[in-house]
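Letters go in sequence order (proteins before strands), and every chain restarts at 1. All of these numbers come straight from a predicted model, not from anything done at the bench.
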There are 2 protein chains.
Amino acid sequence: MYIKVSIVKYTLNKGGGHITTRKDVARLAGVSEATVSRVFNNIGPIREHTKQAVIKAAAELQYTPNALAQNFVRRRSGNLGVILPLLPKVHLFSKYYFAEILSGIGQAANERGYDLLLMFASIEGNLDYLRLFHARKVDALILLGRRDIPEDRASISALLEDKHPICLIGQRFAGLLADSVDADHITGSYEMVRHLVRSGHRRIAFINGPLEYSNSEDRLAGYRAALLDHDITFDASLIFEGNFSRKSGYELAHTIAGIHEHIDAVFASNDRMAIGLIQGLNELGISYEDLTVVGYDNADIAQFCNPPLTTVEVPLFEMGQLATNKLLDRMSGKLIGDPFEEKLPTRLIIRSTNI
Amino acid sequence: MYIKVSIVKYTLNKGGGHITTRKDVARLAGVSEATVSRVFNNIGPIREHTKQAVIKAAAELQYTPNALAQNFVRRRSGNLGVILPLLPKVHLFSKYYFAEILSGIGQAANERGYDLLLMFASIEGNLDYLRLFHARKVDALILLGRRDIPEDRASISALLEDKHPICLIGQRFAGLLADSVDADHITGSYEMVRHLVRSGHRRIAFINGPLEYSNSEDRLAGYRAALLDHDITFDASLIFEGNFSRKSGYELAHTIAGIHEHIDAVFASNDRMAIGLIQGLNELGISYEDLTVVGYDNADIAQFCNPPLTTVEVPLFEMGQLATNKLLDRMSGKLIGDPFEEKLPTRLIIRSTNI
DNA sequence: TTGTAGGCGTTATCAG
DNA sequence: CTGATAACGCCTACAA
């Protein structure tokens, strides 16, 4: 035990200005500090007169509660962390993809009083997500653009073991039970292929993305299901793989051109590859009138290119919103139970009339 | 003065698990808490043996300093705030624009130990940036996509009055002395117009963006300067205004078509408007062989469209980096003096061979 | 080289 | 209804 003696000290911030604290407000309003907090947190019964005095004093002093102190004592950061892949390196999905999802996250987080802490996965790839929670920089985490590779698997299962609230967007890991949100790419692809078949195409080549992405598996599954339902035999020699970049589509043009007399259409896993392919085919003298090419994602370029691309719309903004809301529900205890695997519906967008 | 009596309490977090604190590490290592801090902050002389003991204990307990407590006692959030316009509403600049800048900001901030706090300007537009500083949610602020309208002017001058460290990207306000970073759009436009003139075009229409954006003024200035230097009389009837959206370019097609026999080329302030215009002209039976159209920004679509668009590359990533570094320099006192107005060089990208 | 203890600005728990 | 004050986890002067 010890004796405390009041000692007055003056603290100045860099600018030399004084930082208004609760104490200042209390003094000016002639109440205790606790009362000021009560007013600001809308807690307990307070005489209206007292309340007004506090409000007036606070306004006069331009008082805003210090969020650092609040977060500290509440033991929560108020931050929703968002992990993005290093964007300059990512021509995989377009920036469009992340910008849309991020907007959805931002909107939902904002509505629920959370701030967004944005982090780019480091190049080394060894970003220790656990540390974010240990340091209490974030209360929950949304992960974008993760892949099914050992590093990602390890870091994510570490998070799950410690029961930290996280949500994956656009990716699932077989065997890892984590909350996740994605679009229903199985149905999306199914509908696209069905559309192609109904339009008279039967030999449909498929340019898939890397299988590290679970949505690549989904699209393949949809493709196969549609063929099956229309009594078309699956032909593995019609399956190709790109990396979602325009260039990879472009580079496949040669191969596709070699077989173009034996196929009716090409279904690319995203619009960028479709565009690249079309450009490559053009240079080889094959126009879209000779061979139908369709894409996926409904990125900007799908409507800007010439001719506009038939594609599948993915509700990116809504995916961000949903992930955020469910994640925050889970945190607040409003949502309990098994991990969710939400799949939002896609929409076929038919643009070119010739297919 | 009062008497303090030690009372032991147990605090459990929701998960029931124990949160490791400095105290735990100190106890295990057999040192004082202060010593643990010294080790983690690399402060003062410490016997190597002691240091190792602390490190070992910390590792054993998986200790990570609580950032909330650190920030609180250091009176800094460690956050660099970034204000974005509401993206879903923004088809003005492309999302590409913000994604690139944001990546640059993220990279620079990360290197200097700052986290990114992302905020979308609210729809009401009355987001009180001052409050961010008062609440200490951010140590500095980067503002993107602001316009020269009364609301923005007011909120920004309020920030400046209180001497908070802020930096504008892509916008300046005449009369408001604020740190800012942009590309050199005057030179960028100048070079584009010069290129057109040298290619034999003399009657060049100009589709500008809204004048609320300072870069619109800059582009116009560059356009005029280039004409002047080549003895071409400025003709106000060749100046049009869009809002940076593809649609606004598309809608101008009719007007442009009406005068297309009297002009040689159209210079659009961004690629999206250029693409929209081209689409509109196509529908009216005017191909790019009849009328040269060039854009600005070098967005994805500029290289994906057909034919690829001649445009001006803007160093978006570098703008984000530079703004961040200079802003943090200013905060740390490494940079003092008058507000900077950085202008990074652009680069003319000639794509179509017919112009 | 290391320990002690005050203070940061809140929240929340008790008394009154 | 309101005031007093412990506690949060850490940093940092100051003391030893």
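If you measure from atom CD of B:Glu48 to atom P of C:dT1, you get 10 Å, rounded to the nearest angstrom. In this structure, A:Arg76 atom CZ and D:dC8 atom P are separated by 19 Å, rounded to whole Å. One interatomic measurement links the two molecules: CZ of A:Phe72 to C1' of C:dA12, which rounds to 14 Å at whole-angstrom precision. Summarising the geometry, the separation between CG on B:Asn71 and C1' on D:dC11 is reported as 12 Å, rounded to the nearest angstrom.
Around atom CZ of A:Arg131, no more than 12 heavy atoms belonging to other residues, nucleotides or ligands sit under 6.0 Å away. Crowding of B:Gln62 atom CD: a count of heavy atoms from other residues, nucleotides or ligands under 6.0 Å not exceeding 12.
Counting any heavy atom pair closer than 4.0 Å across all strands shown, A:Val31 reaches sugar-phosphate atoms only and no base atom. Contacts of B:Tyr63 with the nucleic acid, taken as non-hydrogen atoms under 4.0 Å apart, involve only primed sugar atoms and P, OP1 or OP2.
Not one side-chain nitrogen or oxygen of A:Asn66 sits closer than 4.0 Å to the OP1 or OP2 atom of C:dC8. B:Gln70 has a side-chain polar atom (N or O) that falls below the 4.0 Å cut-off from OP1 or OP2 of D:dC11. A sub-4.0 Å separation between OP1 or OP2 of D:dT2 and a side-chain N or O of A:Arg47 is present. At the phosphate of C:dT10, neither OP1 nor OP2 sits under 4.0 Å from any side-chain N or O atom of A:Ser37. The shortest distance between the side-chain N/O atoms of B:Ser32 and the OP1/OP2 oxygens of C:dT4 is not below 4.0 Å. Remark: B:Thr35 is in phosphate contact with C:dG3, judged by side-chain N or O atoms under 4.0 Å from OP1 or OP2.
Positionally, the nearest nucleotide of DNA chain C for B:Glu33 lies more toward the 5' end than for the other of A:Ile43 and B:Glu33. Projected onto DNA chain C by closest heavy-atom contact, A:Arg74 and B:Thr50 fall at different nucleotides, the more 5' of which corresponds to B:Thr50.
At least one test fails for B:Arg330 against the ring of B:Phe340: distance under 6.0 Å to the centre or angle within 45° of the axis.
Here the side chains of A:Asn79 and A:Leu116 are not in contact, with every heavy-atom distance at 4.5 Å or above.
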